[in-house]
Chemist: 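Pasting a structure below so you can have a look.
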Protein chains: 2
Amino acid sequence: MKRVATIKDIASALDVSTSTVSRILNGKNQSNAQLVKEVKAMARKLNYQVNTAAKGLRTNKTKLIGIIVPEIGDDFFAAILSGMQEASEELGYNLLVCQSNESKKKENQLVKSLIACNVEGILIAPSKETHNINFLKGLPALGKHAVIFDRIIDQEVFPHISFDDEQGGYLGGKYLIASGHRKLLFIGLSEALKNGVARLSGYNKALDESDLPNCTASFLDTDGTASEILDHHWQEGAYDAVACYNDLIGAQVIAHFNEIGVKVPQEVSVLGFDNRPLCEYTFPRLSSIEHSTNKMGRMAVTTLLDLLNETESETLDIAPKLVERNSVRQRS
Amino acid sequence: MKRVATIKDIASALDVSTSTVSRILNGKNQSNAQLVKEVKAMARKLNYQVNTAAKGLRTNKTKLIGIIVPEIGDDFFAAILSGMQEASEELGYNLLVCQSNESKKKENQLVKSLIACNVEGILIAPSKETHNINFLKGLPALGKHAVIFDRIIDQEVFPHISFDDEQGGYLGGKYLIASGHRKLLFIGLSEALKNGVARLSGYNKALDESDLPNCTASFLDTDGTASEILDHHWQEGAYDAVACYNDLIGAQVIAHFNEIGVKVPQEVSVLGFDNRPLCEYTFPRLSSIEHSTNKMGRMAVTTLLDLLNETESETLDIAPKLVERNSVRQRS
DNA sequence: TTGTACGCGTTATCAC
DNA sequence: GTGATAACGCGTACAA
């Protein structure tokens, strides 16, 4: 039967004890230099690989982090995952990645399954359905921790990494106003998504400061498709700029205007959010509010590890930035 | 100290042996029905979670699959990962996801680290640098297996899931010819990428069959940016359609034509490859060759598991399909 | 049907 | 400096 080499194999090959091998391989020893050499050589020769499961069983450290996102294929989460991967690799951790498909039930089940895998902690972006994180409350009792990222949840049990959505909206609002716009149409995904509400409120805050009327607010889950929303309000002449919850909506808006022959940005401006790659590929190219997804991923990992090791690390700057492209008309 | 409940805890709480608990929890028992009930109730009460590491140590089955992709954040791989996640979850497996950053050295190191985690098998999309998979050869001796996906490697040691790139190119070529195009410009990433060469050769095969001259072939890594390539050959009037290695290049091509005022598809047609979401967001919307990334992910998982369990499963159809949008001019 | 005893691979403790 | 031994949580052959 095929089997991977263990320290026992190394020990018996060299006629020493397993504990000696273990110590040498972990550098916890000031052994006989000659022996150290021999052990390391034999380990290489036998193609030895430490068995993390056994090690974890003994030490209660698995160097495993569990991650739950609504959808891996979504490029927003994919970018965050990428940052997590980079940070965790630098720190010698591996990632166990799962997707909840926006289902709270599945989230529950995944948490259990991750605990079963002995992860040291869990990073989770809650599903749209999830409005409390009671199912995570058992974690601290197990010596594990969690960090919530992206989606905002009101409970303050676990640390929480998210972009300052309101600040992002505010930034966008200031920019649109400075470029001469007066009537904003906001298109969101759903009023239930707190991030969207925060972005909208940022826009309105900027408008308030200039004594302009609030955004016309609309949401895809209640007010119809982007096209329908645009056409409906267009007839009323209700907006000179469209503030979108994210770039996907922004791209849809631009595509619609292209189709019906409305010139962007000459006749109407469009501003996205998130600064995803697709901003470069619309015509005109979509201006957007950038949030560093990569940094968010890195920060989620370091925050979790700090929690577990009770250390303190630097916090990264994830303040929103405006990325100007060609979808917003400049004051002439 | 905080500790998660074990079968030992359940056993002592109920004053039975651990083996009884183990048997009941695994359903390998026709125990006293009353006892079964009590054990299950106690397990729930203590919030018991099986320790997969310990179980894996004993049974040599960890229900873990290791995955190595060049870049998680890339939405092409993200989509494949999504399919893998779906398939593996249905089969009770968890995914350990790593990224190689297109580095062969890192791939090597990741394989070792995945073996250390006791994964049952490895799914890998080799990096651009990787032209042999010798570093995977040790796997079978360890009772583990691997499945290569996406990127083509010439060695036939492990099964191999990839799209039929040549067939995809052929499909695209036939389509462009049928729409009245005669002179094709192909823009690839790098001549070293076998997938690109296969796609190009598919285009040329279609052209050959109609006695038309081969594509003008260019590659971003040697011939300059997409814009430079387009302008250079445009002046020579060398093409009436641009066949792109992937949709990203296609989007760049469309954006460039929009910028210099060349009408797509009236003056020149553009065809992408992969049918990624961004096809919907260019103007005009980008026609493309679809490969089902999700299915590829699913298939990689089922193929690996079949290999490990020596079972046989259905093969999914991942034949390329043409997705018509608005970037290719139709014969008038 | 149930309990006892042992081993999976590793590390920590304590002798020597 | 090195080796025997126990322990981590679990599954299972074997005995009862």
Side-chain angles (χ1 to χ4, degrees), chain A residues 1-40 42-43 46-64 115-120 142-144, chain B residues 1-39 42-43 46-64 112 115-120 142-144:
Chain A
M1 176 50 189
K2 22 201 172 185
R3 248 185 64 262
V4 38
T6 70
I7 51 174
K8 205 182 277 182
D9 298 326
I10 300 178
S12 66
L14 259 41
D15 205 35
V16 294
S17 77
T18 56
S19 24
T20 303
V21 175
S22 171
R23 274 189 299 252
I24 291 180
L25 258 23
N26 289 303
K28 297 198 172 186
N29 196 321
Q30 36 274 41
S31 291
N32 177 335
Q34 173 61 23
L35 188 56
V36 171
K37 257 189 173 174
E38 283 180 21
V39 167
K40 288 190 174 171
M42 184 56 73
L46 297 181
N47 199 20
Y48 169 77
Q49 290 300 327
V50 55
N51 184 323
T52 324
K55 186 173 190 160
L57 192 56
R58 191 66 181 86
T59 61
N60 217 16
K61 292 227 175 287
T62 53
K63 295 278 183 179
L64 239 38
I115 292 177
C117 287
N118 258 1
V119 297
E120 296 185 20
L142 271 45
K144 303 186 190 306
Chain B
M1 175 51 188
K2 21 200 173 184
R3 251 186 60 263
V4 38
T6 71
I7 51 172
K8 204 183 278 182
D9 298 324
I10 300 179
S12 66
L14 260 41
D15 206 34
V16 295
S17 77
T18 57
S19 37
T20 304
V21 176
S22 170
R23 275 188 297 251
I24 290 180
L25 257 24
N26 290 304
K28 297 203 172 185
N29 195 323
Q30 35 276 40
S31 294
N32 176 338
Q34 173 62 21
L35 188 57
V36 171
K37 258 188 172 172
E38 283 180 22
V39 167
M42 185 57 73
L46 296 180
N47 199 20
Y48 168 78
Q49 289 300 328
V50 55
N51 183 324
T52 324
K55 185 173 191 159
L57 196 54
R58 191 70 181 79
T59 60
N60 219 15
K61 292 227 175 288
T62 53
K63 295 276 183 182
L64 238 39
K112 293 192 179 183
I115 292 177
C117 287
N118 258 0
V119 297
E120 296 185 19
L142 272 44
K144 304 188 189 306

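Proteins get letters first, then strands, A, B, ... in listed order; numbering begins at 1 in each.
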Chemist: Does K37(A) have any side chain to side chain contact (heavy atoms under 4.5 Å, CB included) partners at least two apart in sequence or in another chain, and if so, which?
Modeler: none
Chemist: Measure the distance from CG on L46(A) to P on dG9(C) and round it to the nearest whole Å.
Modeler: 14 Å
Chemist: Once you round it to whole Å, what is the distance between P of dC8(D) and CG of L142(A)?
Modeler: 17 Å
Chemist: Contact between N118(A) and L64(A) at the side-chain level, heavy atoms closer than 4.5 Å - yes or no?
Modeler: no
Chemist: To the nearest Å, give me how far apart CG (D9(B)) and P (dG9(D)) are.
Modeler: 8 Å
Chemist: Run the side chain to side chain contact (heavy atoms under 4.5 Å, CB included) test against L57(A) and tell me which residues pass, sequence neighbours left out.
Modeler: N51(B), A54(B), L57(B)
Chemist: Taking CG from D15(A) and P from dG1(D), how many angstroms apart are they, rounded to a whole number?
Modeler: 20 Å
Chemist: So do M42(B) and V16(B) actually touch side chain to side chain, heavy atoms under 4.5 Å?
Modeler: no
Chemist: Rounding to an integer number of Å, can you tell me how far L57(B) CG sits from dG7(C) P?
Modeler: 14 Å
Chemist: I need the minimum non-hydrogen distance between S12(B) and D9(B), along with the two atoms involved.
Modeler: OG-O, 3.2 Å
Chemist: Can you tell me how far P of dG7(C) sits from CG of N51(A), to the nearest Å?
Modeler: 18 Å
Chemist: Test L142(A) against I115(A) for side-chain contact (heavy atoms from CB on, under 4.5 Å), laying out the working first.
Modeler: CA-CA 9 Å; L142(A) 271 45; I115(A) 292 177; 3.9 Å; yes
Chemist: If I take atom CD in residue Q34(A) and atom P in nucleotide dG1(D), what distance separates them, rounded to the nearest angstrom?
Modeler: 16 Å
Chemist: Apply side chain to side chain contact (heavy atoms under 4.5 Å, CB included) to N47(A) and list each qualifying residue two or more places apart in sequence or on a separate chain.
Modeler: Q49(A)
Chemist: Holding to side chain to side chain contact (heavy atoms under 4.5 Å, CB included), I want the full list of residues that pass it with K61(A), two or more places apart in sequence or in another chain.
Modeler: T59(A), E120(A)
Chemist: Using only side-chain N and O atoms of K55(B), determine if any of them is under 4.0 Å from OP1 or OP2 of dG9(D).
Modeler: no
Chemist: Please confirm whether the shortest side-chain N or O distance from K8(B) to OP1 or OP2 of dG9(D) is below 4.0 Å.
Modeler: no
Chemist: Looking only at side-chain N and O atoms, does T6(B) come under 4.0 Å of OP1 or OP2 in dG9(D)?
Modeler: no
Chemist: CD1 of I7(B) versus P of dG3(C): gap in Å, rounded?
Modeler: 13 Å
Chemist: Scan T20(A), V21(A), T18(A) and name whichever one has a side chain to side chain contact (heavy atoms under 4.5 Å, CB included) with I10(A).
Modeler: V21(A)
Chemist: Rounding to 10°, can you tell me the angle the first-five-pair axis of the helix from dT1(C)-dA16(D) to dC16(C)-dG1(D) makes with its last-five-pair axis?
Modeler: 40°
Chemist: Measure all distances between protein nitrogen or oxygen atoms and nitrogen or oxygen atoms of nucleotides 12-16 of chain D, and list the pairs falling under 3.5 Å.
Modeler:
{"unit_1": "dT12(D)", "atom_1": "OP2", "unit_2": "K28(B)", "atom_2": "NZ", "d": "3.3"}

